[in-house]
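Residues: numbered from 1 along the sequence shown.
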Amino acid sequence: MCWSATADLTAGVCIGAIGVACVARVRRVRRVRELPLAALPLLLGAHQIVEAVVWDSGGGAGPATTAWAVIAMPLLALWVPLAVLLASPPGSRRRIAVPLASGVATAAVLSYYLATRTVTADIRGHTIGYAVHLPQPEIVVAGYLLATIGALLLCADRTVRLLGVLAAAGAVICAVIWRLEFVSTWCAFAALASVVMLGWAWHRGERPRPPA
């Protein structure tokens with residue numbers, strides 16, 4: 001797959017529409033605690049649309065680049081484990097504690113550096129590389145992946161775990177093939193993989209509602 005403004009915009013609109021369907025389905029069966037997880041494809045779809053703006057602006061530093069980085073880095077690091085925790089039945093929430101703690105710490109670090117340093121986007125052929133100039137980026141990336149992929153893999157729901165497996169596979173592929181563009185390519189891969197959440201949301205009304 002090659003990325004471009006058109007590809008990101010098309011993917012973003014399609015994935016966002018799936019996110020809207022997921023949220024509508026969960027709301028219809030009144031599972032309020034599951035709304036943040038149902039909204040994940042919507043968030044990732046919007047994220048791809050923001051990157052389409054980065055393409056059109058030619059990269060560099062600007063509002064679209066900053067917005068993309070805020071969603072990709074601190075917001076997702078906190079959103080994913082918290083959403084999984086809220087959607088999990090009480091008996092399985094304890095296992096999400098470590099990914100959530102990692103997400104809180106990682107989001108705090110990333111928020112600080114995004115607030116104090118300039119984010120730049122460099123268009124490299126059919127990919128975009130984002131630079132924040134983090135100290136010890138390996139540690140931050142490890143905490144980020146533990147928060148996001150770890151939470152998905154530890155979820156009690158099989159469909160959510162499948163999303164975790166796909167996201168983990170995407171992380172390996174993106175790290176090997178697009179090392180300098182890892183964040184951008186992995187986020188695109190995760191957005192495409194999130195379509196599996198439509199099946200998750202669609203079956204929520206067929207299962208008994210867990211106790212709060």
Side-chain angles (χ1 to χ4, degrees), residues 15-16 18-47 69-112 114 138-172 174 183 186-187 189-212:
I15 295 164
I18 289 172
V20 171
C22 290
V23 170
R25 174 64 176 177
V26 169
R27 284 192 62 186
R28 192 176 75 82
V29 297
R30 301 188 180 187
R31 293 175 177 266
V32 178
R33 294 180 65 94
E34 296 172 354
L35 281 173
L37 189 56
L40 183 58
L42 181 59
L43 176 64
L44 292 172
H47 194 221
V70 168
I71 297 172
M73 298 177 188
L75 183 57
L76 277 178
L78 187 58
W79 185 293
V80 174
L82 184 59
V84 172
L85 178 72
L86 290 173
S88 298
S92 64
R93 288 173 191 164
R94 185 174 298 179
R95 70 178 74 172
I96 312 299
V98 172
L100 179 59
S102 180
V104 170
T106 302
V109 170
L110 289 170
S111 296
Y112 171 78
L114 288 177
E138 297 83 4
I139 296 176
V140 177
V141 170
Y144 180 91
L145 294 178
L146 173 59
T148 53
I149 296 176
L152 296 173
L153 290 175
L154 291 173
C155 184
D157 189 279
R158 288 181 295 179
T159 304
V160 178
R161 290 201 303 271
L162 172 60
L163 176 58
V165 171
L166 295 174
V172 172
C174 293
V183 179
W186 181 75
C187 283
F189 193 100
L192 293 175
S194 71
V195 299
V196 303
M197 296 303 294
L198 182 60
W200 170 82
W202 205 254
H203 288 93
R204 303 318 289 163
E206 301 174 6
R207 303 177 185 179
R209 187 176 302 174

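The CG atom of L163 sits 5.0 Å away from the CG atom of L152 when rounded to the nearest 0.5 Å. To the nearest 0.5 angstrom, I96 atom CD1 is 9.0 Å from L100 atom CG.
Under the 3.5 Å distance criterion, the side-chain polar atoms of W186 are matched with a main-chain donor or acceptor of A167. Between the side chain of S88 and the main chain of R93, no donor-acceptor pair closer than 3.5 Å is present.
Applying the side chain to side chain contact (heavy atoms under 4.5 Å, CB included) criterion to L75, with sequence neighbours excluded, gives L43, I71, W79. Among residues two or more places apart in sequence or in another chain, the side chain to side chain contact (heavy atoms under 4.5 Å, CB included) test is passed with P74 by A107, L110, S111, L114.
Taking each heavy atom of I15 and S194 in turn, the nearest pair found is CG2-OG, 3.8 Å. Nearest heavy-atom pair, V84 versus C155, reported as atom, atom and distance to 0.1 Å: CG1-CB, 3.8 Å. The shortest heavy-atom contact between R27 and L35 is CG-CD2, 3.3 Å. Considering all non-hydrogen atoms of both residues, A72 and L76 come closest at O-CB, 3.7 Å. Across all non-hydrogen atoms, the minimal contact from L37 to M197 is CG-CE, 3.7 Å. Considering all non-hydrogen atoms of both residues, G164 and L153 come closest at C-CD2, 3.5 Å.
Under a cut-off of 6.0 angstrom, the local environment of CZ in R161 is crowded, with over 12 non-hydrogen atoms contributed by other residues, nucleotides or ligands.
Between L42 and C22, every side-chain heavy-atom pair lies at or beyond the 4.5 Å cut-off.
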One pair to check against side-chain contact (heavy atoms from CB on, under 4.5 Å): L40 and W200. What are the steps and the verdict?
CA-CA 12 Å; L40 183 58; W200 170 82; over 6 Å; no

### Task
Take Y144 and V183 through the test side-chain contact (heavy atoms from CB on, under 4.5 Å) and record every step on the way to the result.
CA-CA 11 Å; Y144 180 91; V183 179; 5.8 Å; no

